[in-house]
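Below is one structure, written out as structure tokens; comments come after it.
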Amino acid sequence: MTELGHGSNVRGIETVTTYASSTGEFVINTPCESAQKYWIGGAANLIIDGENQGVHAFIAQIRDEYGDICPNIRIADCGHKIGLNGVDNGRIWFDNVRVPRENLLNSVADVSPDGKYLTAIKDPDQRFAAFLSHLTSGRVTIAASAVYSAKIGLATVIRYSLTRRAFSVTPNGPEVLILDYPSHQQRLLPLLAKTYAMSFAANHLKMMYVKRTPEMNKVIHVVSSAFKATASWHNMRILQECREACGGQGLKTENRIGQLKGEYDVQSTFEGDNNVLMQQVSKALFGEYVAVKRSKKPFKGLGLEHMNT
């Protein structure tokens, strides 16, 4: 849903779609340069009878059967990146592109043939939340994959520290394994322990998602947001420490640490900027605290149960 001018503020995206009841088509338009779809996004603000109904997603054909760009569409590459260059991220502009009414992804809301806006979720905030709920699966996946990446880095650096030696304690004595130095233990072993905790947390989150019920949507949203940010930040710290702890050997691509840093750096900002996500988490936890104190009921969910005692 990212555009050149908007990312975290999804409601502020500028691509607009209007409905033409005379032809039964939606008309998608990029009204200004900051509205260009950046990294490829799939949403626009839907205008019905002059009223903005909020963000919705549409299917629009970009190329024809021969691979040529369809009329009234312009695309461009985003350029070389620090990682993930196997993915051709691009930009898209729409010049009043018409798509059939059926091309609206309508699990949250629909538009009738005569142009009436139909939805069972009347509250705009709840409708917006329902539209963005699919991001949760991405955050669950990111949290888990960030832990996997940290494990690879740690396995490499600890294996290295159990073979590399430096300096002798006695004249002409054997050099000491670098992992036997307390300073090396202090830089790596706490991170190893924290990664175990992160691994348990990621597995817990995956099971929460697999066994989810509609009543758990809020809890899963908050927990997945928190774990996504925490795990991806942890992963980048791990990989940098691993790079340094391998000395010059950490620069070699065969060790994968540099590659992992480049490929996973994006996790800090995509599927939700980490700082923004943690502000959402803080707001949700504080709101839960206030609600429980007001109702005098025990804490249940969101990891706050320990406060009941």
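All of these numbers come straight from a predicted model, not from anything done at the bench.
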Would you call the rings of Tyr289 and Phe299 parallel, tilted or perpendicular if under 30° counts as parallel and over 60° as perpendicular?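 Answer is parallel, since the angle falls under 30°.
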
Donor-acceptor pair, side chain of [X] and main chain of [Y], under 3.5 angstrom:
X: Tyr19; Y: Pro113; value: yes
X: Asn106; Y: Ala109; value: no
X: Ser149; Y: Ser145; value: no
X: Asp95; Y: Asn72; value: no
X: Lys122; Y: Thr119; value: yes
X: Asp265; Y: Gly262; value: no
X: Thr15; Y: Ala35; value: yes
X: Glu175; Y: Ser168; value: no
X: Lys81; Y: Val87; value: yes
X: Arg243; Y: Gly247; value: yes

Working to the nearest 0.5 angstrom, can you tell me the gap between [X] [atom1] and [Y] [atom2]?
X: Leu46; Y: Glu51; atom1: CG; atom2: CD; value: 10.0 Å
X: Leu118; Y: Asp110; atom1: CG; atom2: CG; value: 6.0 Å
X: Thr17; Y: Gln53; atom1: OG1; atom2: CD; value: 12.5 Å
X: Phe270; Y: Asn89; atom1: CZ; atom2: CG; value: 10.0 Å
X: Gln36; Y: Leu4; atom1: CD; atom2: CG; value: 4.5 Å
X: Thr30; Y: Glu3; atom1: OG1; atom2: CD; value: 7.5 Å

Quick check: are there more than 12 heavy atoms from other residues, nucleotides or ligands sitting under 6.0 Å from [atom1] of [X]?
X: Lys194; atom1: NZ; result: no
X: Ile59; atom1: CD1; result: no
X: Lys283; atom1: NZ; result: no
X: Arg237; atom1: CZ; result: no
X: Asp49; atom1: CG; result: no
X: Tyr181; atom1: OH; result: yes
X: Arg256; atom1: CZ; result: no
X: Arg164; atom1: CZ; result: no

Yes or no on side-chain hydrogen bond (donor to acceptor under 3.5 Å, both in side chains) for Thr253 and Gln259, after CA distance, side-chain angles and deciding distance? CA-CA 7 Å; Thr253 56; Gln259 178 189 6; over 6 Å; no

Single-linkage hydrophobic cluster, 4.5 Å side-chain cutoff, [X] and [Y] together:
X: Leu132; Y: Ile220; answer: no
X: Leu188; Y: Tyr196; answer: yes
X: Ile69; Y: Val97; answer: yes
X: Leu135; Y: Val223; answer: no
X: Ile47; Y: Val55; answer: no

Does the pair Ile158 and Leu162 meet the rule for a side chain to side chain contact (heavy atoms under 4.5 Å, CB included), with working shown? CA-CA 6 Å; Ile158 291 174; Leu162 287 168; 4.1 Å; yes

Asp125 vs Arg11, test: salt bridge (charged side-chain N to carboxylate O under 4.0 Å, His left out). Steps then yes/no. CA-CA 10 Å; Asp125 291 336; Arg11 292 193 187 197; 2.8 Å; yes

Could you go step by step and tell me if Thr195 and His234 meet the side-chain hydrogen bond (donor to acceptor under 3.5 Å, both in side chains) rule? CA-CA 8 Å; Thr195 302; His234 172 71; 2.9 Å; yes

For the residue pair [X] and [Y], establish whether any side-chain heavy-atom pair is separated by less than 4.5 Å.
X: Thr2; Y: Lys37; result: no
X: Ser21; Y: Asp114; result: no
X: Ile48; Y: Val111; result: yes
X: Pro100; Y: Glu25; result: no
X: Glu288; Y: Val292; result: yes

Testing the basics here: between [X] and [Y], what is the closest heavy-atom pair and its distance to 0.1 Å?
X: Asn45; Y: Ile13; answer: ND2-O, 2.8 Å
X: Val157; Y: Cys242; answer: CG1-SG, 3.6 Å
X: Gly272; Y: Arg139; answer: CA-NH2, 4.0 Å
X: Ile82; Y: Asn85; answer: C-ND2, 4.4 Å
X: Ala20; Y: Arg98; answer: CB-NH1, 3.9 Å
X: Ile28; Y: Phe94; answer: O-CB, 3.6 Å

Any side-chain donor paired with an acceptor under 3.5 Å for [X] and [Y]?
X: Trp93; Y: Glu33; value: yes
X: Thr156; Y: Asn255; value: no
X: Lys228; Y: Asn274; value: yes
X: Gln240; Y: Glu244; value: yes

Does the side chain to side chain contact (heavy atoms under 4.5 Å, CB included) test come out yes or no for Val147 and Asn235, once each step is laid out? CA-CA 7 Å; Val147 175; Asn235 179 42; over 6 Å; no

One pair to check against side chain to side chain contact (heavy atoms under 4.5 Å, CB included): Met278 and Trp233. What are the steps and the verdict? CA-CA 12 Å; Met278 292 306 270; Trp233 269 330; 3.8 Å; yes

So Lys206 and Asn203, side-chain hydrogen bond (donor to acceptor under 3.5 Å, both in side chains) or not? Walk me through it. CA-CA 5 Å; Lys206 285 189 285 187; Asn203 287 336; 3.3 Å; yes

I'd like to know whether Tyr209 forms a side chain to side chain contact (heavy atoms under 4.5 Å, CB included) with Ser224, so could you lay out the CA-CA distance, the side-chain angles of the two residues, the decisive distance to 0.1 Å, and finally the verdict. CA-CA 9 Å; Tyr209 187 73; Ser224 65; over 6 Å; no

Is the Tyr117-His56 ring centre distance short of 6.0 angstrom?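 Between Tyr117 and His56, the centre distance is under 6.0 Å.
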
One thing to verify: whether Glu241 and Arg187 come together as a salt bridge, which I'm taking to mean a side-chain N less than 4.0 angstrom from a carboxylate O. yes

